[in-house]
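In what follows, a single structure is set out as structure tokens and then discussed.
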2 protein chains.
Amino acid sequence: MRRGTNLPAVGGFNQSVVLDLVRRAGEGISRVEIAEASGLSPQTVSNLTRRLLADGLVRESGKRIAGPGKPRTILTLDPRGGYAVGVHLDPSVVTYVLADLEGRVVLDRRVRTPRQVQPEAVVTQMAQTIGALVEASGVAPDRVLGVGIAAPGPIDRETGTVLDPPLLAGWHRVPLRAALAERLGLPVGLEKDVTAAATAELWSPEGTSHPHQAFFYYGTGVGLGVALDAEVVRGSSANAGDIGHLLVRGDGPPCACGQRGCLGESASPARMVREAADLGVLDLPARDLTLVEVDRAFTRLATAAAREDPQAMEILRRAGHDIGRALVLVANLLDIDTVVCGGPFWDRLAPVALPEVRRVVDGDPAVVTTHPVRVLETALGSDVTALGAAALVLDAVHSPRPAGLLITAP
Amino acid sequence: MRRGTNLPAVGGFNQSVVLDLVRRAGEGISRVEIAEASGLSPQTVSNLTRRLLADGLVRESGKRIAGPGKPRTILTLDPRGGYAVGVHLDPSVVTYVLADLEGRVVLDRRVRTPRQVQPEAVVTQMAQTIGALVEASGVAPDRVLGVGIAAPGPIDRETGTVLDPPLLAGWHRVPLRAALAERLGLPVGLEKDVTAAATAELWSPEGTSHPHQAFFYYGTGVGLGVALDAEVVRGSSANAGDIGHLLVRGDGPPCACGQRGCLGESASPARMVREAADLGVLDLPARDLTLVEVDRAFTRLATAAAREDPQAMEILRRAGHDIGRALVLVANLLDIDTVVCGGPFWDRLAPVALPEVRRVVDGDPAVVTTHPVRVLETALGSDVTALGAAALVLDAVHSPRPAGLLITAP
């Protein structure tokens, strides 16, 4: 059912509109400019900014002279008005960030993902790490507004449960959100990893100008976060973003699904290092590698390519080609004009693969978009997904949207 | 820039909320129920319904007793409160519909798409056909609110221009919207065909319950309209929906893009009838067929399959398989739970192909969604896309969205 709106709701909405304008203004914005940009009356803007000042979310930052008339007071966000914790649970590494109200990382921390450990113990470790992070930052704990967690899919966002991520052994229906909320006494939200990364990019200064974008996530697995009309796409169960079985070549390696040439197989670090070993570029044991071993071998593969080993370069270049093909198909379907790349393995892949990704996206005969598709790299580095998780919390404060962005518990 | 809202804007928004509730209620809804469903105060609901009654958009339809207290007056939409014309420009056939305020087709008409004719002459013919349709319907011309056109992409929605649709020979940068608006003196909107079809499904009584759905369009070409969170996806240039180069099999027929096994090639009626001729199922000239010839040959192929010709059945079944594969990939990416199929060639394909589409979508090892994906057929028949174009106009009246759905000219 569609809901109406009323004056209290409008007040909250308009307050978010004003806060969002202040945040995006960067160097500050005057009340007159807020009124012009928002369409709100000067009186309304005045009332709303008074409340934001009292709450410590906004501060006055000097005066600016703009033409005749008296100088205008400039408002900026007070980044210390509130903080959020973001946690990125990757099969290899857990990243923690503490972000301020502007979405800047105050402090981050990385911990190897526990293996063969009861989820209960993992939750305890998470809660302790979050506590230590906040303490180390010097931020007053009562200024922390909540925690966002980004996890590999599939997840159940409604109940805050991590279902059965293929690469997280032992994680079966873990009610992560409720367990963590209970330990910390804070609101906790759960989001799929690629959706969190796309959220972080939308939040970033560059992201604001690309409302139709995708985030290509390159980690232990591949995924794609999508934003359309400046809103992230979650889909019917909040598990959007799986591109592992997009076919990118008829002659690719066999995938568990029975096809050949699925992107998730052909561009996976595990398969690429195995191929490098078969060609003699890397020396690896014949047995299945652990995630840590794949991670280290991938670094050696990238190092070999940096030394211009032609076979290593060819393996990375072909992954770039396959990724480019997949991005063309997605751009055709969703009419996206910007793709941002990142993720735990991206930096090692990029030097050789990125030019090839761009070559394919610019020149593939299958491109049907009426505009160029730009392929960028995230400016947020390896914190991007954790920061997107923190943005879940900040969004609830900032964003002029009706409801429901932050699923809280209890 | 995000805009705020104010009382006049809220009034318009709330009026649309009420109108939308009345429309979706079907058998009518009381003012008390509207207040409960919308969260609006009884007084606000009373004011808004008074205005809607005065405008002739809503009418009182008897009383209903609901528990103690006095009987409640039931409000229903007055379908004759306003009308819209929808035009679906397909490379083979142009469909015109006149739809009432409830989105029901009052009258429709089909005309073979003119070939090798100046766009100017096409616009004249369209304007005449629309005039004749309205006249034949007996609807007072001043009750017609506007015209929506659905065209194959690429389009420029901002300027209302049909760019270079691959199958519409001679259509190069035709400013269809402005030209038609000038002839008719009515607001005109332009939309991509697959987006219009998805809009019509969202509007339909069934569509309301599937906010995350796709419309698989099977015509002279294939396409996919997408709706997420009950909003159609347009993308950065309103050209979303191209799935012609999705790879569905490594051993498929060659495509103009240089790959083998692109869906747009492997499941195209033109290629399928050619294959049937090669196998001796159909007798066709060796030269390239016209669109009309492909259309007729496809009917013969479907007839042969209905007679259980094994080769004809295999051709249609394989198209169903390829379509199913493509739908799996899209469902994985967008976490869609419902696909509705339709389009000018769909009815002939469906008897053999639909069971195969469903088999693949249910059972492909590449499916990663946490929920089933239902494959349905449109209940709106061959008017679906034209009706979606008409809904462009009706949406501007009905829908509680801030702005911009109908691009009008002049």
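Note that the structure is a prediction, hence the values are computed from the model and not measured. Throughout, protein chains are lettered first and strands after them, A, B, ... in sequence-line order, and every chain is numbered starting at 1. Computed over heavy atoms, backbone and side chain alike; hydrogens, waters and symmetry mates excluded.
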For this session: Using non-hydrogen atoms and a 4.5 Å limit, figure out which bit of B/A331 sits close to chain A: side chain, backbone, both or neither.
Result: neither
Problem set entry | Closest-packed option against chain B by number of heavy-atom pairs under 4.5 Å, given A/L228, A/L163, A/V194, A/N239 | A/N239
Exercise. Is it the side chain or the backbone of B/V367 that comes within 4.5 Å of chain A heavy atoms, both, or neither?
Worked result: neither
Exercise. So what's closer than 4.5 Å to chain A heavy atoms on B/R325: side chain, backbone, both or neither?
Worked result: side chain
For this session: Among A/G250, A/A240, A/P365, single out the residue with the greatest number of heavy-atom pairs under 4.5 Å to chain B.
Result: A/A240
For this session: Under 4.5 Å heavy-atom distance to chain B, tell me which part of A/H245 shows up: side chain, backbone, both or neither.
Result: both
For this session: With a 4.5 Å cut-off on heavy-atom pairs, point out which of A/G235, A/C257, A/G261, A/S236 contacts chain B the most.
Result: A/S236
Problem set entry | Of B/L334, B/L333, B/V330, B/L329, the residue whose pairing with A/V330 passes side-chain contact (heavy atoms from CB on, under 4.5 Å) | B/L333
Problem set entry | Value rounded to 0.5 Å, distance of CG in A/L247 from CD in B/Q259 | 10.5 Å
For this session: Please round to the nearest 0.5 Å and tell me the distance separating atom CG of A/D229 and atom CG of B/D229.
Result: 11.5 Å
Problem set entry | Pick from B/D364, B/V233, B/V368 with the largest number of heavy-atom pairs that fall under 4.5 Å of chain A | B/V368
Exercise. What distance do A/N332 atom CG and B/L224 atom CG have between them, rounded to the nearest 0.5 Å?
Worked result: 12.5 Å
Exercise. Which bit of B/I336 is near chain A, if near means a heavy-atom gap under 4.5 Å: side chain, backbone, both or neither?
Worked result: backbone
